[in-house]
Amino acid sequence: MSNPGAPDTVTESAELVLPLLPPQDLAAAASACRALRAAVTAVTARRAGDAARGLEPLPIPFRNYVDSKPYAYFLYTPFSLTRLAPGASAPSAQPWGAAWTRPPRPTWPRPNLDGLPSAVYGCACAAAECGGTQCACADVEADAAGSGLEAGMGSLTECGDVCACAPSCGNRRTQRGVAVRLCVVRHLHKGWGLHAAEALSCGQFVCEYAGEFLTTEEARRRHKVYDELASGGKLCPALIVIREHLPSGKACLRVNIDATRVGNVARFINHSCDGGNLHPVLVRSSGLLLPRLCFFAARDIVEGEELTFSYGDARVRPKGLPCFCGSSGCSGVLPSEET
């Protein structure tokens with residue numbers, strides 16, 4: 001008869017439970033016995049090896065030469081999710097670090113947006129024709145350079161869920177996940193930052209900024225909480241507010257994306273006062289009401305270079321958190337604003 005307390009049995013059970021635990025609970029489990037300590041070490045190593053949990057086409061490892069922190073804990077999503085109700089809570093657990101692996105989850109088609117209104121039009125093009133002048137999704141006036149948006153922001157139109165074309169369509173280049181090699185690197189003052197793990201060409205798609213779509217009311221509530229925690233060094237918030245001004249200049253579309261607890265690797269992109277090497281672009285897909293924030297290389301980027309963009313104007317809140325971007329024009333303060 002087998003011993004239920006034998007190391008093999010403990011290890012097998014641990015493989016089912018440990019990947020669901022946050023770091024503090026993992027540490028507690030490691031102190032229970034030698035078998036669990038070995039299992040926790042294996043889970044930790046696998047977590048450090050891929051921030052994306054196998055949900056992207058390529059693994060995105062953590063690299064830390066500064067301290068002993070092996071990884072940053074958060075819940076991963078390849079695309080933005082809707083969190084509309086004020087005070088609504090995000091999922092509390094997600095397997096990460098298991099010995100088994102899963103194939104990357106496609107970022108197309110997009111998940112249901114929980115009752116949000118959507119457009120019903122889309123193209124019926126063959127894949128090779130999408131994006132051309134005859135394509136219903138084409139917008140010849142909108143490109144990565146963009147106009148009519150905030151300074152530095154571009155616009156782009158792609159095929160969407162209601163289109164007849166396949167995921168391989170050439171007009172869906174931001175919908176296939178993170179297809180370039182990236183890594184998350186620990187910095188002494190800035191904390192974690194996203195780096196290129198291969199050379200990137202100017203104009204190349206890098207990643208989407210994925211997180212929770214929030215109402216303005218919920219974004220304001222979270223912003224106040226995050227400010228208090230961040231000022232005490234207890235949190236690194238990743239809530240971004242995008243404003244697209246209408247041609248009349250009298251109104252704007254506001255999009256709130258929070259990647260603090262649920263997001264993808266774009267949450268690690270740090271600010272640079274010189275504008276950074278990434279170009280933010282609002283991408284609209286046929287059939288979806290809300291645009292997505294995507295990043296393209298603003299210039300050629302060498303392997304190992306940190307990926308950055310400008311969060312906005314630091315003069316809005318001169319008493320904000322310190323900036324460590326290191327650029328020649330650094331203001332010394334991270335941009336922020338009252339939402």
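Remember, predicted model here, so these are calculated numbers, not experimental data. In what follows, every heavy atom counts, from backbone to side chain, and hydrogens, waters and symmetry copies are set aside.
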**Message:** Any heavy-atom pair between the side chains of S310 and C273 that's under 4.5 Å?
**Reply:** no

**Fill in**
Residues pairing under side-chain hydrogen bond (donor to acceptor under 3.5 Å, both in side chains) where one sits in residues 195-207, two or more places apart or in two chains, turn out to be H187-H195

**Asked** Is F324 reachable from V333 through a run of I, L, V, M, F, W or Y residues, each pair having side-chain heavy atoms under 4.5 Å apart?
**Response** no

Could you give the side-chain donor-acceptor pairs of residues 297-306 under 3.5 Å, partners two or more places apart or in another chain?
residue: R299; atom: NH1; partner: E305; partner atom: OE2; Å: 3.1
residue: R299; atom: NH2; partner: E305; partner atom: OE2; Å: 2.5
residue: D300; atom: OD1; partner: C202; partner atom: N; Å: 2.8
residue: E305; atom: OE1; partner: V302; partner atom: N; Å: 3.2
residue: E305; atom: OE2; partner: N277; partner atom: ND2; Å: 3.1
residue: E306; atom: OE1; partner: K190; partner atom: NZ; Å: 2.5
residue: E306; atom: OE2; partner: K190; partner atom: NZ; Å: 3.4
residue: E306; atom: OE2; partner: N270; partner atom: ND2; Å: 2.8

**Item:** Expected output: side-chain N256 to main-chain I242 donor-acceptor under 3.5 Å
**Value:** no

**Asked** Nearest 0.5 Å, what's the OG1-NE2 distance between T216 and H223?
**Response** 12.5 Å

**Request:** Return yes if some donor-acceptor pair links the side-chain N/O of R181 with the main-chain N/O of L58 below 3.5 Å, else return no.
**Result:** no

**Message:** Check whether E212 reaches the backbone of L81 with its side chain - one donor and one acceptor, N or O, closer than 3.5 Å.
**Reply:** no

**Message:** Whether the side chain of R176 engages the backbone of T174 through a donor-acceptor N/O pair (distance < 3.5 Å, no angle test) should be reported.
**Reply:** no

**Request:** Under the side-chain contact (heavy atoms from CB on, under 4.5 Å) rule, what do L20 and D25 come out as? Steps first, then yes or no, please.
**Result:** CA-CA 10 Å; L20 292 168; D25 292 340; over 6 Å; no

**Asked** CZ of F205 to CZ of F296: how many Å apart, nearest 0.5 Å?
**Response** 6.0 Å

**Request:** Over all heavy atoms of both residues, which pair between A14 and L36 is shortest? Give the atoms and the distance, please.
**Result:** CB-CD2, 3.7 Å

**Request:** Report yes if the side chains of L293 and P280 come closer than 4.5 Å at any heavy-atom pair, otherwise no.
**Result:** yes

**Within one Ile-Leu-Val-Met-Phe-Trp-Tyr cluster: V185 and L200, side-chain cutoff 4.5 Å** = no

**Asked** Are L307 and V206 close enough that some pair of their side-chain heavy atoms sits under 4.5 Å apart?
**Response** yes

**Message:** Within this structure, what is the CD1-CG distance for the pair I257 and L239, rounded to the nearest 0.5 Å?
**Reply:** 9.5 Å

**Asked** Among all residues two or more places apart in sequence or in another chain, which pass the side chain to side chain contact (heavy atoms under 4.5 Å, CB included) test with A230?
**Response** P237, L321

**Asked** How would you list, by chain and number, every residue that makes a ring pair (Phe, Tyr, Trp, His ring centres under 6.0 Å) with Y209, sequence neighbours excluded?
**Response** none

**Asked** Roughly how far, to the nearest 0.5 Å, is the CZ atom of R53 from the CZ atom of F74?
**Response** 5.0 Å

**Item:** Distance, nearest 0.5 Å, that separates OG of S155 from CG of L282
**Value:** 7.5 Å

**Asked** Does V265 reach the side chain of R267, with side-chain heavy atoms less than 4.5 Å apart?
**Response** no

**Prompt:** Between S286 and E158, does a side-chain contact (heavy atoms from CB on, under 4.5 Å) hold up when you go through it step by step?
**Reply:** CA-CA 7 Å; S286 298; E158 291 188 337; over 6 Å; no

**Asked** In chain order, what residues pass the side chain to side chain contact (heavy atoms under 4.5 Å, CB included) check against C236, with sequence neighbours excluded?
**Response** none

**Prompt:** T44: what forms a side-chain hydrogen bond (donor to acceptor under 3.5 Å, both in side chains) with it, not counting sequence neighbours?
**Reply:** none

**Request:** State which residues pass salt bridge (charged side-chain N to carboxylate O under 4.0 Å, His left out) with R186; sequence neighbours excluded, sorted by chain then number.
**Result:** D67

**Request:** Could you pull out all residues at least two apart from F309 that satisfy ring pair (Phe, Tyr, Trp, His ring centres under 6.0 Å)?
**Result:** F295, Y311

**Prompt:** Looking at the rings of Y76 and W96, which for Trp means the six-membered one, are their centres under 6.0 Å apart?
**Reply:** no

**Request:** Indicate the atoms forming the closest heavy-atom contact of L18 with A39, along with that distance.
**Result:** CD1-CB, 3.6 Å

**Prompt:** What's in the same ILVMFWY side-chain cluster as L188, cut-off under 4.5 Å, chained through other members?
**Reply:** V66

**Item:** Distance in Å, C294 SG paired with L156 CG, rounded so as to fall on 0.5 Å steps
**Value:** 8.0 Å

**Item:** Full working for side-chain contact (heavy atoms from CB on, under 4.5 Å) between S285 and R292
**Value:** CA-CA 8 Å; S285 299; R292 297 178 295 115; 3.7 Å; yes

**Message:** Between C165 and C123, does the side-chain contact (heavy atoms from CB on, under 4.5 Å) criterion hold? Intermediate values first, please.
**Reply:** CA-CA 8 Å; C165 52; C123 72; 4.3 Å; yes

**Asked** Are V255 and L253 close enough that some pair of their side-chain heavy atoms sits under 4.5 Å apart?
**Response** yes

**Item:** Same apolar cluster: I269 and Y73, side chain cutoff 4.5 Å
**Value:** yes

**Fill in**
The complete set of salt bridge (Lys or Arg N to Asp or Glu O under 4.0 Å) pairs with one or both residues in residues 36-50, sequence neighbours excluded, reads E15-R46

**Between R173 and N171: side-chain donor-acceptor atoms closer than 3.5 Å** = no

**Prompt:** If only atom types and distance count, is the side chain of D274 paired as donor or acceptor with the main-chain N or O of S327 below 3.5 Å?
**Reply:** no

**Item:** Residues forming a side-chain hydrogen bond (donor to acceptor under 3.5 Å, both in side chains) with T260, sequence neighbours excluded
**Value:** D258

**Prompt:** Y71 and W192: aromatic ring centres closer than 6.0 Å?
**Reply:** no

**Prompt:** Would you find a donor on one side and an acceptor on the other, under 3.5 Å apart, between the side chain of R243 and the backbone of R254?
**Reply:** no

**Prompt:** Is the shortest heavy-atom distance from the side chain of Q94 to the side chain of L55 under 4.5 Å?
**Reply:** yes

**Message:** Let's go through E218 and R222 carefully: what are the C-alpha distance in whole Å and the side-chain angles of both, what is the deciding distance for salt bridge (Lys or Arg N to Asp or Glu O under 4.0 Å) to 0.1 Å, and is it a yes or a no?
**Reply:** CA-CA 6 Å; E218 176 65 5; R222 293 191 187 187; 2.8 Å; yes

